[in-house]
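These notes concern the structure reproduced below.
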Amino acid sequence: MPAEAGRASAAELSAAHLITPAGPDRYRLHDLIREFAVACARTDETTSSRAEVADRLIDWYLHVAAEANRIIDPNRDLVTPALRYPAPGRPFPVERRAALAFLGAERANLLPVVRFAREHGRNTAAWQLTYLLTSFYDTTGGWNERIGLCREGPRRPPNSTIRWRRRKCCVRWARPTS
């Protein structure tokens, strides 16, 4: 959906009090509306359609995290995510402050999206998100959230390379990595 069409749809939903503005181009759903939307998606959409939407959401966060990581800490470059869908445009300018502000506005979604990736079988994406978001948390704090990412993201790495990256990602946090 083009950005302008999305904004028009969001304005219509907001006018009907189905979503609440939470900042520029950001909206929140009431819990009951969210549950209704999930129920509708389960009954109205095919399994493959729901899986594609989940993959696109995870890919979007991977892309955003990778772009922000390149700006915040260019030396933290061990991970280049392989997206399943074409990368969208970067939603912030190539400025450290803008990248930090954008991730700050997304902060409440970061741990849930890592958990979502893992729950949808995207374990590699989960640990990559955890790694890529480290520069954000190192810069801004939020250690409890960061520890939560380390607990959620890198579960049961499938091989030794990933186990090494997991250790590299969460080495400073009080959690065993084996």
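Along the sequence shown, residues are numbered consecutively beginning with 1.
- In this structure, CD in E145 is found 10.5 Å from CD1 in I147, a value given to the nearest 0.5 Å.
- You'll find the side chain of D77 stays beyond 4.5 Å of the side chain of R70, heavy atoms only.
- The pair R90-E67 counts as a salt bridge, with a side-chain nitrogen and a carboxylate oxygen less than 4.0 angstrom apart.
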I would like to know whether L129 and F116 meet side chain to side chain contact (heavy atoms under 4.5 Å, CB included); could you show each step before the answer?
CA-CA 11 Å; L129 281 163; F116 181 81; over 6 Å; no
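- Contact record, A10 with Y27: CB-CE1, 3.5 Å, taken as the closest heavy-atom pair.
- Minimum heavy-atom separation, L62 to A125: CD1-CB, 3.7 Å.
- Hydrophobic clustering, with ILVMFWY side chains joined whenever heavy atoms are under 4.5 angstrom apart, groups I72 together with V94.
- Classification of R122 and D59 as a salt-bridged pair holds, one side-chain N sitting under 4.0 Å from a carboxylate O.
- Contact check for L78 versus Y131: side-chain heavy atoms found under the 4.5 Å cut-off.
- No more than 12 heavy atoms of other residues, nucleotides or ligands lie within 6.0 Å of CZ in F36, so this atom counts as exposed by the packing criterion.
- Using a 4.5 Å heavy-atom cutoff, the side chains of W127 and R118 are not in contact.
- Using a 4.5 Å heavy-atom threshold, the side chains of L133 and N69 count as separate.
- In plain terms, the two heavy atoms of T130 and L149 that are nearest each other are OG1-O, 3.5 Å.
- The environment of R97 atom CZ is sparse: at most 12 non-hydrogen atoms of other residues, nucleotides or ligands sit within 6.0 angstrom.
- Two residues are said to be in side-chain contact when any heavy atoms from C-beta on lie closer than 4.5 Å; E152 and L111 meet this criterion.
- In terms of modelled atom types and a separation under 3.5 Å, the side chain of T140 and the main chain of F136 share a donor-acceptor contact.
- Taking each heavy atom of A54 and H120 in turn, the nearest pair found is CB-CD2, 4.0 Å.
- From T46, atom OG1 reaches atom CZ of R42 across 14.5 Å, with rounding to the nearest 0.5 Å.
- Using a 4.5 Å cut-off between side-chain heavy atoms of Ile, Leu, Val, Met, Phe, Trp and Tyr, with links allowed through other members, L57 and V53 fall into different hydrophobic clusters.
- Side-chain atoms of Y137 and L103, non-hydrogen and from C-beta on, never get closer than 4.5 Å to each other.
- Looking only at atom types and distance, the side chain of R146 has a donor-acceptor partner in the side chain of T134 under 3.5 Å away.
- Atoms CG and OG1, on L132 and T80 in that order, are 8.5 Å from each other to the nearest 0.5 Å.
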Does the pair E35 and L32 meet the rule for a side chain to side chain contact (heavy atoms under 4.5 Å, CB included), with working shown?
CA-CA 5 Å; E35 290 300 317; L32 293 174; 5.6 Å; no
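- Expressed to the nearest 0.5 Å, how far CZ of R96 lies from OG of S135 amounts to 8.0 Å.
- Classification of E52 and R84 as a salt-bridged pair fails, no side-chain N sitting under 4.0 Å from a carboxylate O.
- F102 is listed as a side-chain neighbour of V64, based on a closest heavy-atom distance under 4.5 Å.
- For the residue pair P88 and H63, the shortest heavy atom distance occurs at O-NE2, 2.9 Å.
- Between L29 and I33 the shortest heavy-atom distance is CD2-CG2, 4.0 Å.
- The neighbour count for R28 CZ, taken as heavy atoms of other residues, nucleotides or ligands under 6.0 Å away, does not exceed 12.
- Side-chain contact check for L83 versus W60: every heavy-atom pair is 4.5 Å or farther apart.
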